[in-house]
**Student:** 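Please find one structure pasted underneath; my questions will follow.
Indexing begins at 1, ligand by ligand and atom by atom, following the structure's order. Everything quoted here is computed from the prediction, not taken from an experiment.
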Amino acid sequence: MADQRITDIGPPKYDKFLPPIIKANYGKWDFHEVLKPGVMVHVGESGDKLFTVRASSPRLLAIATIRMFCDLADKYCDGFLRFTTRNNVEFLLTEEKNIDPLIADLKKEGYPVGGVGNSISNIVHTQGWVHCHSAASDASGVVKALMDELMPHFENMELPAKLRVAFACCLNMCGAVHCSDIAVLGVHTKPPRIDHTELPKQCEVPTLVASCPTGAIRPATVEGNKSVEIEDPQCMFCGNCYTVCPSVKINNAETDGISIWVGGKVSNARREPMFSKLAIPYLPNNPPRWPEVVEAVKHLVELYAKNARKHERMGEWIDRIGWSRFFKIAGIPFTKYHIDDFTHAGETYKRSVHLKH
Ligand code: SF4
Ligand code: SF4
């Protein structure tokens, strides 16, 4: 019954757009291997071979770019392509002879091929100043500056293992910042500023009070306006209140910035998935090229490349040598911001009624 149901709610059934070779070998793949940077082959028990060519994408895609990718897919692989969770574009080919001409065409259009195996894949990022209201930093701008520097590691496979880099522009972390080898995270560092004159006209005070996950907001009458006040020590600068009320402004051009986290991974190879941990609490927003952030990430990549053992992910390497030694060799000062007090969060952060009951 469910198969026959026609609906416009939700995504179409997953197998509707699969290439015929994937349908024919579904669940019956024997092995896969990396043939060269950016190129993989999956071999089915039937002997069928599916070749994948991975190229970078600029993540925020113009329609012209999508059309160009589609034209290349039509030319070389019957129109079959897909986008990975880190915004690489992958062409799915059945003809091995089409691999090199496709790579040549991609390079001619200015799109590098790589990101497979022991390399840096495309950097997944969030919306940044282009779109999201609560961004503490830009996303595509920082990532562009970063990838310009890290591109050799996209195109070769000389790192100890794969290195996943992510960017999110606030601690809501729409990007995979919590589980990436190196994560770049925009941070607000001050509580929101309240426009008490506008607030009563724009916002509902009870909704605003309820929006705060730490219970830092309470109703208050300020200069005759029915407004709110914020208990500063309780605020963790998440910007949730700004989402429901534009009069509670979290963005601050002077104090917003970027933090760097390390050691996360999704894979359960060798050991369980790991959360990223804080390495550098604050770097300034310095558009258009964010030199401090680029320098810090490049330094971490080089440190990892030099010191980790083969197949060791960033977090596995740091765990082996110890976090204190990592901080020492990375030259990162240990500060109060590195103290993980999450175990006490039940008593400190989660005070709002909807989390408590
Ligand atoms: Fe918006 Fe934060 Fe997500 Fe960035 S990470 S897109 S600022 S909610
Ligand atoms: Fe601070 Fe977030 Fe609460 Fe707003 S919602 S007051 S930013 S903790």
**Student:** Less than 4.0 angstrom from a charged side-chain N to a carboxylate O is my criterion; do R54 and E90 meet it?
**Tutor:**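 Yes, this pair counts.
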
**Student:** To check your reading of the model: name the closest protein heavy atom to atom 2 (Fe) of ligand 1, its residue, and the distance in Å.
**Tutor:**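 Here the closest protein heavy atom is C170 SG, 2.3 Å.
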
**Student:** Going by the atom numbers of ligand 2, which of them fall below 4.0 Å from some non-hydrogen atom of I217?
**Tutor:**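 So the atoms of ligand 2 that pass are 6 (S).
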
**Student:** Under 4.0 Å from a heavy atom of G239: which atoms of ligand 2 are those, numbered in the order shown and with their elements?
**Tutor:**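 Heavy-atom distances to G239 below 4.0 Å select 2 (Fe), 7 (S).
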
**Student:** For P273, enumerate each residue passing the side-chain contact (heavy atoms from CB on, under 4.5 Å) test, keeping only those at least two apart in sequence or located in another chain.
**Tutor:**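 In terms of side-chain contact (heavy atoms from CB on, under 4.5 Å), with neighbours along the sequence ignored, P273 is linked to N268.
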
**Student:** What is the closest protein heavy atom to atom 4 (Fe) of ligand 2, and at what distance does it sit?
**Tutor:**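 Checking every protein heavy atom, the shortest distance to atom 4 (Fe) of ligand 2 gives C241 SG, 2.3 Å.
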
**Student:** Between C235 and atom 2 (Fe) of ligand 2, is there a contact where an N/O/S atom of the residue lies under 2.8 Å from the metal?
**Tutor:**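 C235 does not place any N, O or S atom closer than 2.8 Å to atom 2 (Fe) of ligand 2.
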
**Student:** Of R313, R86, R164, K162, which meets salt bridge (charged side-chain N to carboxylate O under 4.0 Å, His left out) against D181?
**Tutor:**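 Option passing the salt bridge (charged side-chain N to carboxylate O under 4.0 Å, His left out) with D181: R313.
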
**Student:** Please could you name the atoms of ligand 2 that T214 approaches to less than 4.0 Å, counting only its heavy atoms?
**Tutor:**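 Within the 4.0 Å cut-off of T214, ligand 2 contributes 8 (S).
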
**Student:** What atoms in ligand 2 come closer than 4.0 Å to a heavy atom of C212?
**Tutor:**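 Atoms satisfying the 4.0 Å criterion: 3 (Fe), 5 (S), 6 (S), 8 (S).
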
**Student:** Who's the nearest protein heavy-atom neighbour of atom 6 (S) of ligand 1, and how far?
**Tutor:**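 The answer is Q127 NE2, 3.4 Å.
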
**Student:** Quick check on atom 4 (Fe) of ligand 1: does C169 put an N/O/S atom closer than 2.8 Å to it?
**Tutor:**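 C169 does place an N, O or S atom closer than 2.8 Å to atom 4 (Fe) of ligand 1.
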
**Student:** Can you tell me which residue among V301, L300, V165 is in a side-chain contact (heavy atoms from CB on, under 4.5 Å) with M314?
**Tutor:**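 Answer after filtering V301, L300, V165: L300.
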
**Student:** At a 4.0 Å threshold, what atoms of ligand 1 neighbour a non-hydrogen atom of C132?
**Tutor:**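 Near C132, meaning under 4.0 Å from one of its heavy atoms, ligand 1 has 1 (Fe), 6 (S), 7 (S), 8 (S).
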
**Student:** Among all protein heavy atoms, pick the one closest to atom 3 (Fe) of ligand 1 and tell me residue, atom and distance.
**Tutor:**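 Result: C174 SG, 2.2 Å.
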
**Student:** In ligand 1, which numbered atoms sit nearer than 4.0 Å to a non-hydrogen atom of A135?
**Tutor:**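 Selected atoms, number and element: 7 (S).
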
**Student:** Inspect the contact between D105 and K75 and indicate whether a charged nitrogen and a carboxylate oxygen are less than 4.0 angstrom apart.
**Tutor:**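 Yes.
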
**Student:** So that I know where these two stand, are F69 and Y111 an aromatic pair - ring centroids less than 6.0 Å apart?
**Tutor:**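 Yes: the rings meet the under 6.0 Å criterion.
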
**Student:** Can you list the atoms of ligand 1 that are under 4.0 Å from a heavy atom of T126?
**Tutor:**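 By the 4.0 Å cutoff, the relevant atoms are 4 (Fe), 5 (S), 6 (S).
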
**Student:** Check whether the SG atoms of C212 and C235 are less than 2.5 Å apart, and answer yes or no.
**Tutor:**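 No - the two cysteines, C212 and C235, have SG atoms at least 2.5 Å from each other.
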
**Student:** Identify the protein heavy atom lying closest to atom 8 (S) of ligand 2, giving its residue, its atom name and the separation to 0.1 Å.
**Tutor:**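 Among all protein heavy atoms, the one nearest atom 8 (S) of ligand 2 is M236 N, 3.4 Å.
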
**Student:** Is V248 touching ligand 2 with its side chain, its backbone, both, or neither, if touching means heavy atoms under 4.0 Å apart?
**Tutor:**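 Near ligand 2, V248 shows nothing, with every heavy atom at 4.0 Å or more.
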
**Student:** Looking at the rings of H42 and F51, which for Trp means the six-membered one, are their centres under 6.0 Å apart?
**Tutor:**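 Centroid separation for H42 and F51: 6.0 Å or greater.
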
**Student:** So S121 and N88, side-chain hydrogen bond (donor to acceptor under 3.5 Å, both in side chains) or not? Walk me through it.
**Tutor:** CA-CA 7 Å; S121 179; N88 306 281; 2.9 Å; yes

**Student:** Out of all atoms in ligand 2, which are within 4.0 Å of some heavy atom of P213? Include the element for each.
**Tutor:**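 Listed by number with element: 5 (S).
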
**Student:** Assess whether a salt bridge exists between D319 and R271, defined as any Lys/Arg side-chain N lying under 4.0 Å from an Asp/Glu carboxylate O.
**Tutor:**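 Looking at R271 together with D319, the answer is yes, because their closest N to O distance falls below 4.0 Å.
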
